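What follows is a set of notes on a single structure, which appears directly below.
Residue indices begin at 1 and follow the sequence shown. Computed from a predicted model, the values in this text were never measured in an experiment. Both ligands and their constituent atoms are indexed starting at 1 by order of listing.
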Amino acid sequence: MRTWQAPEIPQLPGPQDGRRDPVVVHDSTTRGLVEAAPAESARLYACGITPYDATHLGHANTYLAFDLLQRAWLDAGKAVTYVSNVTDVDDPLLERADATGVDWRDLAAEQTQLFREDMTALRMLPPATWTGAVESVPAVVEAVQALLEAGAAYRVPVEPGAGGDAPELGDVYADLTADADFGRVSGFDTATMTALFAERGGDPQRDGKKSPLDPLLWRRERAGEPAWDGGSLGTGRPGWHIECAVIARDGLGLPFDVQGGGADLLFPHHEMSTSHDRLLSGRGADGAPRVHVHAGLIAYQGAKMSKSLGNLVLVSRLREAGEEPAAIRLALLAHHYRTEWEWTDADLEGARQRLARWRAAAESSGPAAGQPGTVLAAVRRALAHDLDAPAALAAVDAWAADPASDDTELVVATVDALLGVRL
Ligand code: ZN
């Protein structure tokens, strides 16, 4: 898919003493801090949106975390490859299109365009490869055929009337017993996994499955649903987890450094897609993403912001109301990406005031009496330590209270390059 215009990033001088903290992030599997990308290159996959109700602040908060990670990597001189997807055909999208009487393709295209505009306004770095589920169909078909041939997948009979011209082919599910490492990403016990699977779009009750947790790889054609040629699989469409596994494999290669998303993706989505990665790579545990990073979910009006509850604050609505995207960005940056917090109007008001203070400080001229580069070093250190944006903002706040303490131009470039905020 066409992405969006990349923001310009000013080049920053290297550390004065030549020493740099490695960028560490919290890994959901080990529940500890690990170096995000130890090699010279850094490869990131962040799960994309299903294009309806885009882009709410929960999405923006998640993509902002991975934007900071890339900015920290780029500043450290790494070659960064970022890949993402758009789940532009999926049950919830089709349900929304049905409920509102809109063609699902029009809904997906319109919401994907809105997402592009929001990401551009928020100065988010675009992915190098941005693949839609629809675009991924041929690659998914080939991958599912390979899993079937390897005995790592099986067919489940479909109900009468389903399956188009070849109903005997059935839906295809992954056989999780083929992956000895299944469950390692989340570390959850079976009861927890089963409960979350049912809650988050899985189908533990489906008849004919070998195990309740086995995930869907290929859904055969159903009346009234879009379907694509699946070769020997028969007409149908991809499951969600295999979609991300295949897009990540083709865009980054396996294994890659960081798989990211919102906290609700840890299970089942990342557990399942990582299981697929192990099998598709042919390398078992060595084919899995090294680190799994999850952003906290934001609440609004007393509950987690979610499409099903409808308590969404949309970036596009804030922009329409005249809110400056830099203020939206700062409002999110004031909270560490892993925390769960509740959005209120005070968040935006605080961000507007902070932006005004920083801009006033940038306007006040005069020679730096203090130590030039103090803010840059502090912001670098903060981001390298699990993307600690609140600590980075505190360092810029300290300068804004005493603008002569650092070199103005360097601070402005630091805030632009590392925090994505133009003063
Ligand atoms: Zn995904």
Side-chain angles (χ1 to χ4, degrees), residues 1 3 27-29 43-56 58-63 65-67 69 81-93 108 111-112 115 119 124 126-137 139-140 143-144 174 179 182 184-186 193 196-197 199-202 213 215-219 237-281 287-295 297 306-307:
M1 299 190 115
T3 59
D27 174 30
S28 300
T29 297
R43 292 180 295 166
L44 165 71
Y45 187 87
C47 287
I49 56 161
T50 298
Y52 68 101
D53 287 342
T55 315
H56 65 67
H59 296 135
N61 188 53
T62 296
Y63 297 118
F66 297 107
D67 186 74
L69 176 59
T81 311
Y82 167 40
V83 171
S84 188
N85 68 307
V86 179
T87 304
D88 57 1
V89 61
D90 200 8
D91 293 343
L93 173 72
Q111 292 289 306
T112 302
F115 181 76
M119 293 297 105
M124 302 280 199
T129 313
W130 199 38
T131 309
V134 172
E135 293 173 320
S136 77
V137 166
V140 167
V144 174
D179 173 22
F182 174 73
R184 263 174 71 166
V185 176
S186 64
M193 289 200 274
L196 287 174
F197 191 60
E199 237 171 69
R200 296 175 178 170
L213 288 177
L216 178 72
L217 294 172
W218 184 252
R219 176 176 163 84
R237 58 183 165 96
W240 177 33
H241 316 305
I242 191 73
E243 169 199 334
C244 275
V246 165
I247 292 171
R249 175 197 69 180
D250 293 349
L252 295 170
L254 296 171
F256 54 91
D257 293 293
V258 174
Q259 171 133 36
D264 52 347
L265 295 192
L266 171 59
F267 194 92
H269 186 53
H270 287 167
E271 190 74 71
M272 300 299 182
S273 57
T274 299
S275 175
H276 300 335
D277 290 337
R278 293 189 198 100
L279 297 174
L280 292 175
S281 69
R290 287 182 38 261
V291 186
H292 285 87
V293 177
H294 293 99
L297 303 181
S306 78
K307 293 173 180 188

Donor-acceptor contact below 3.5 Å, side chain Gln111 vs main chain Ala108: no
- Contact check: His241 to the Zn ion (ligand 1), N/O/S below 2.8 Å: no
N/O donor-acceptor pairs under 3.5 Å from side chains in residues 261-271, not counting sequence neighbours:
unit_1: His269; atom_1: ND1; unit_2: His241; atom_2: ND1; d: 2.8
unit_1: His270; atom_1: ND1; unit_2: His294; atom_2: NE2; d: 2.8
unit_1: Glu271; atom_1: OE1; unit_2: Ser186; atom_2: N; d: 2.8
unit_1: Glu271; atom_1: OE1; unit_2: Ser186; atom_2: OG; d: 2.6
unit_1: Glu271; atom_1: OE2; unit_2: Gly183; atom_2: N; d: 3.0
unit_1: Glu271; atom_1: OE2; unit_2: Arg184; atom_2: N; d: 3.3
unit_1: Glu271; atom_1: OE2; unit_2: Val185; atom_2: N; d: 3.1

Please report the C-alpha distance between Leu216 and Trp218 in whole Å, then the side-chain angles of each, then the deciding distance to 0.1 Å, and finally whether the side-chain contact (heavy atoms from CB on, under 4.5 Å) criterion is met.
CA-CA 6 Å; Leu216 178 72; Trp218 184 252; 5.9 Å; no
For the Zn ion (ligand 1), does an N/O/S atom of His270 lie at less than 2.8 Å? no
### Query
Cut-off 3.5 Å, side chains only: do Thr87 and Asn85 have a donor facing an acceptor?
yes
So the angle subtended at the Zn ion (ligand 1) by His269 atom NE2 and Cys47 atom SG, rounded to 10 degrees, is 110°
